[in-house]
Amino acid sequence: AAAMAAERALAMATCTAPVNIAVIKYWGKRDTDLILPINSSLSVTLHQDQLKTTTTAAASRDFTEDRLWLNGKEADVGHPRVQACLREVRRLARKRRGDGEGAAALSLSYKIHIASENNFPTAAGLASSAAGYACLVSALARLYGLEEELSEVARRGSGSACRSMFGGFVQWQRGERPDGTDSLALQVAPETHWPELRVLVLVVSGEKKPVGSTAGMQTSVETSPLLKHRAEVVVPERLAQMMQHIRERDFEGFGQLAMRDSNQFHATCLDTFPPIFYLTDLSRHVIALAHRYNAHHGHTKVAYTFDAGPNAVIFALADTVAEFVEVVRRSFPPATNGDQFVRGLPVGSATLSPELVATVLTEPVPGAVQYILHTKPGPGPQLVDDPSQHLLGADGLPRSRA
Ligand code: DP6
């Protein structure tokens with residue numbers, strides 16, 4: 001009986017969620033509170049074997065306050081976006097109970113503890129807020145027994161987070177309604193749709209991003225006529241084209257459009273006043289390298305995309321990876337002995353032809369790329385069944401990590 005009482009006193013759920021990388025970019029809100037975008041966007045969800053967030057949410061009548069830990073350190077649970085997600089999940093849980101469901105459900109008056117960590121260094125500048133909020137919402141939903149689609153709630157944490165609620169290829173449709181109820185993520189195709197597609201994240205050394213996306217995109221909305229044109233005219237056309245390229249697994253079309261859209265996003269940053277710069281000399285170096293590589297082969301073999309930070313994300317088909325990784329290794333020789341330069345999925349070895357070396361490679365820039373992460377499209381948030389994987393212990397506090 002004592003054990004049963006203890007069980008009832010503490011409920012816990014753990015989920016994992018993926019990172020996503022947009023190929024039609026989201027940049028600009030029409031409602032900053034509800035996080036409603038000025039245009040639809042489309043992304044590829046990356047595999048959680050390489051990049052994921054894990055979050056445990058617990059509720060107990062014994063907890064005296066809501067608490068949050070990020071990567072083992074206590075953080076501000078009062079953050080407005082965390083609070084928005086919590087409020088929305090609790091509202092849906094209450095509504096469900098009002099409908100007469102979930103009689104044995106967890107009390108909504110209990111305080112909650114949340115612990116979240118990434119399996120990749122936050123310092124690497126890899127977008128973690130999308131995975132973070134998708135994971136928070138997934139874990140809370142499990143805790144409260146919600147089964148509905150919750151991209152609308154994840155959107156309240158971070159716009160791009162709504163796309164991390166699905167695997168594969170995902171559209172965030174801008175929606176029309178002022179209350180945001182139609183501003184949702186939809187899966188365009190599952191991760192199994194394009195088995196040959198690979199992703200290389202070129203993690204560059206150092207540097208924090210100068211302006212955060214939230215502040216940056218707001219200045220762009222206020223000052224960039226190019227962004228307005230992009231949202232009204234360019235994106236609607238591109239979105240339809242991109243969906244078709246994905247449906248047809250047309251890498252030429254997909255890659256071309258991904259590069260153009262990344263470039264236009266960065267053009268809107270330059271068109272922002274005062275201007276915002278996310279691309280660096282190294283980014284431009286990678287861009288030129290990709291174009292020389294494609295020109296050498298006479299078609300689109302690799303496609304780059306850059307978000308509001310310095311890391312380059314490269315799309316390629318599996319049969320191109322070994323050669324292009326060698327091109328990157330020769331262009332940006334690792335500072336140390338090169339151990340761990342390539343991480344994630346295995347990469348075969350490749351020898352570069354003399355023609356390729358002559359036309360594609362230029363003066364090497366040692367140490368500029370810290371490492372390459374090789375990954376591929378992957379599934380959406382997952383429930384972690386194994387209780388030994390919970391990030392919170394039976395006392396509701398973070399477990400000391402092994
Ligand atoms: C350049 O989703 O981080 O990565 O909604 O303010 O949290 P907030 O912004 P965020 O912006 C992402 C911008 C981007 C493009 C994209 O992911 O579509």
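Start at 1 and go down the list; that is how both ligands and their atoms are numbered. If you're wondering where the values come from, they're calculated on a predicted model, not measured in any experiment.
The side-chain hydrogen bond (donor to acceptor under 3.5 Å, both in side chains) with Thr14 is formed by just one residue from the set Asp385, Asp386, Thr56, Thr54; it is Thr56.
Under the side-chain contact (heavy atoms from CB on, under 4.5 Å) criterion, Ser138 pairs with Cys15, Met165, Pro381, not counting sequence neighbours. Applying the ring-ring contact (aromatic ring centres under 6.0 Å, His included) rule to Phe273 yields no partners; only residues at least two apart in sequence or on another chain are considered.
Contacts of Ile21 with ligand 1, taken as heavy-atom pairs under 4.0 Å, are absent altogether. Here Ser158 has heavy atoms under 4.0 Å from ligand 1 in both its backbone and its side chain. At a 4.0 Å heavy-atom cut-off, ligand 1 does not touch Ser41 at all. No part of Arg155 comes within 4.0 Å of ligand 1, judged by heavy-atom distances.
Between Gly159 and ligand 1, an N or O atom pair is found at a separation short of 3.5 Å. Polar contact with ligand 1: absent for Trp27 (N/O pair, distance under 3.5 Å). Backbone and side-chain nitrogen or oxygen atoms of Ser160 are examined, and one is located within less than 3.5 angstrom of a nitrogen or oxygen of ligand 1.
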Apply the test salt bridge (charged side-chain N to carboxylate O under 4.0 Å, His left out) to residues Glu232 and Arg230: give CA-CA distance (whole Å), side-chain angles for both, the deciding distance (0.1 Å), then the verdict.
-> CA-CA 6 Å; Glu232 287 172 3; Arg230 168 178 165 74; over 6 Å; no
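Listed by atom number, the atoms of ligand 1 under 4.0 Å from Arg81 heavy atoms are 6 (O), 7 (O), 8 (P). Each of the following atoms of ligand 1 lies closer than 4.0 Å to a heavy atom of Phe265: 1 (C). Every atom of ligand 1 with a heavy atom of Ala22 under 4.0 Å away is listed here by number and element: 16 (C), 17 (O), 18 (O). Every atom of ligand 1 is numbered from 1 in the order shown, and the set under 4.0 Å from a heavy atom of Ile35 is 5 (O).
When atom types are taken as modelled, the side chain of Thr45 and the backbone of Phe166 share a donor-acceptor pair closer than 3.5 angstrom. Proximity of a side-chain donor or acceptor of Arg30 to a complementary backbone N or O of Pro37 within less than 3.5 Å is detected.
Distances from atom 6 (O) of ligand 1 to the heavy atoms of Met217, Lys29, Lys25 put Lys29 nearest.
Within the 4.0 Å heavy-atom cutoff, Arg163 counts among the residues contacting ligand 1. Proximity of Trp172 to ligand 1 is not established, as no heavy-atom distance is less than 4.0 Å.
Within a 6.0 Å sphere centred on NZ of Lys228, other residues, nucleotides and ligands contribute 12 heavy atoms or fewer.
Side chains of Ser220 and Trp27: a donor-acceptor N/O pair is present below 3.5 angstrom, by distance only.
In this structure, Phe306 and Tyr304 have tilted ring planes: the angle between them lies in the 30° to 60° band.
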